[in-house]
Amino acid sequence: MNSILRPAGIALFAILLIGSPSVAALTAEQRQLNNQSFEYVWTAIRDKHWQANPGGLDWQAIHEEFRPKMEAADSMDAARAVLNQMLDRLHQTHFGIVPGELYSNVDQAGGGDTTTGIDVRVVGAQVLVTSVESDSSAYAQGVRRGWEILKIAHTDLAPVVAKLNETYAGSSLRELMLRRAILGRLEGAAGAAQVEFLDGAGKHISKTLAPSQQKGARVQFGYLSPMQLWFNSSRVGDGNIGYVAFNVFLDAQRLMTSF
């Protein structure tokens with residue numbers, strides 16, 4: 001697959017897949033596919049954007065400005081740069097170009113019904129455990145918040161994180177894509193997950209994490225992949241203080257009736 005655009009919700013969430021980068025000159029077929037991808041993105045924004053003039057711009061003039069740049073692009077990176085420059089003119093978030101070689105890492109998270117019970121965040125170049133479900137295999141084996149994940153199965157995470165950090169430097173999508181990439185590897189594999197950690201004492205520890213059922217309910221918003229939504233609430237003290245927690249804000253009706 002060479003290109004896919006996914007409009008989602010109020011904003012248009014664009015994901016474009018173009019073939020793997022290469023230092024070699026582009027073939028005629030690659031140039032044609034890049035031009036087709038440009039037309040696909042430009043047309044989708046013209047037809048699906050919530051404004052008649054996307055971003056207050058003359059969108060036809062944008063086409064006339066950027067189409068020759070795409071035709072002149074002599075590498076996949078240059079082609080992606082043209083698309084990024086065009087999208088930047090909108091000055092709106094939730095637009096991003098995902099290189100094809102990274103897409104399988106990013107788009108698998110939340111696709112199944114099982115979980116390792118671990119949630120993560122990427123801080124700089126480190127993949128850190130931020131929570132561990134108390135009824136999970138990970139918790140039973142001693143995995144705790146603050147541990148660093150070094151490897152999942154046979155894949156070192158450092159190169160994956162470095163590439164995503166480079167791709168999304170300065171992008172509002174960076175944190176989302178990094179988290180989805182790691183969770184995709186944790187939860188995308190069938191059966192138990194082999195994970196190598198660096199614990200709080202700096203010791204390398206390998207664990208085999210058995211899958212368990214994800215909590216919450218499956219929801220879908222726009223063209224985004226289905227996700228698991230969970231909601232918790234409780235009162236503390238004399239009952240006059242309460243708190244709520246939920247993981248995604250994508251099903252307003254369900255959340256509002258849960259309070």
Handout entry: salt bridge (Lys or Arg N to Asp or Glu O under 4.0 Å) contacts in which one or both residues fall within residues 50-62, not counting sequence neighbours
Key =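 Every pair satisfying salt bridge (Lys or Arg N to Asp or Glu O under 4.0 Å) with a residue in residues 50-62: there are none.
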Practice task
Scan for salt bridge (Lys or Arg N to Asp or Glu O under 4.0 Å) pairs involving residues 127-138, sequence neighbours excluded, and state none if there are none.
Solution key: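 For residues 127-138, and leaving out neighbouring residues, the salt bridge (Lys or Arg N to Asp or Glu O under 4.0 Å) pairs sorted by first residue read Glu133-Lys215.
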Practice task
Determine yes or no for a side-chain-to-main-chain donor-acceptor pair under 3.5 angstrom, with Ser137 supplying the side chain and Ala210 the backbone.
Solution key: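 Side chain of Ser137 to backbone of Ala210, a donor-acceptor pair under 3.5 Å: yes, one is there.
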Exercise for the section: Kindly say whether Gln141 contributes a backbone atom to a donor-acceptor pair with the side chain of Lys207 at under 3.5 angstrom? Expected result: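 Looks like yes, one N/O pair under 3.5 Å.
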Handout entry: By salt bridge (Lys or Arg N to Asp or Glu O under 4.0 Å) - contacts of Arg121 (at least two apart)
Key =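 Scan of Arg121 (salt bridge (Lys or Arg N to Asp or Glu O under 4.0 Å), adjacent residues dropped) gives Asp119, Glu175.
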Practice task
Using the test salt bridge (Lys or Arg N to Asp or Glu O under 4.0 Å), find all partners of Glu65 that sit at least two apart in sequence or belong to another chain.
Solution key: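 Only Lys69, Arg89 meet the salt bridge (Lys or Arg N to Asp or Glu O under 4.0 Å) criterion with Glu65.
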Practice task
Assess whether side-chain hydrogen bond (donor to acceptor under 3.5 Å, both in side chains) is satisfied between Thr208 and Gln194, documenting all intermediate values.
Solution key: CA-CA 5 Å; Thr208 300; Gln194 304 292 326; 2.8 Å; yes
Handout entry: Shortest non-hydrogen contact from Val129 toward Phe197
Key =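 Closest approach of Val129 to Phe197, heavy atoms only: CG2-CE2, 4.1 Å.
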Exercise for the section: Might you work through the side-chain contact (heavy atoms from CB on, under 4.5 Å) test for Tyr40 and Ile45, ending with a clear yes or no? Expected result: CA-CA 9 Å; Tyr40 187 88; Ile45 294 173; over 6 Å; no
Handout entry: Sequence neighbours excluded - ring-ring contact (aromatic ring centres under 6.0 Å, His included) pairs with any residue from residues 116-135
Key =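 Sorted pair list comes back empty.
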Handout entry: Trp42 and His63 aromatic ring geometry - parallel, tilted or perpendicular at 30°/60° bounds
Key =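 Ring orientation, 0 to 90° scale: perpendicular.
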Handout entry: Worked check of side-chain contact (heavy atoms from CB on, under 4.5 Å) between Asp199 and Arg144
Key = CA-CA 8 Å; Asp199 70 6; Arg144 295 296 182 263; over 6 Å; no
Per-pair distances, 0.1 Å, donor-acceptor, side chain in residues 152-159, under 3.5 Å, sequence neighbours excluded:
from: Thr155; atom 1: OG1; to: Arg185; atom 2: NH1; distance (Å): 3.4

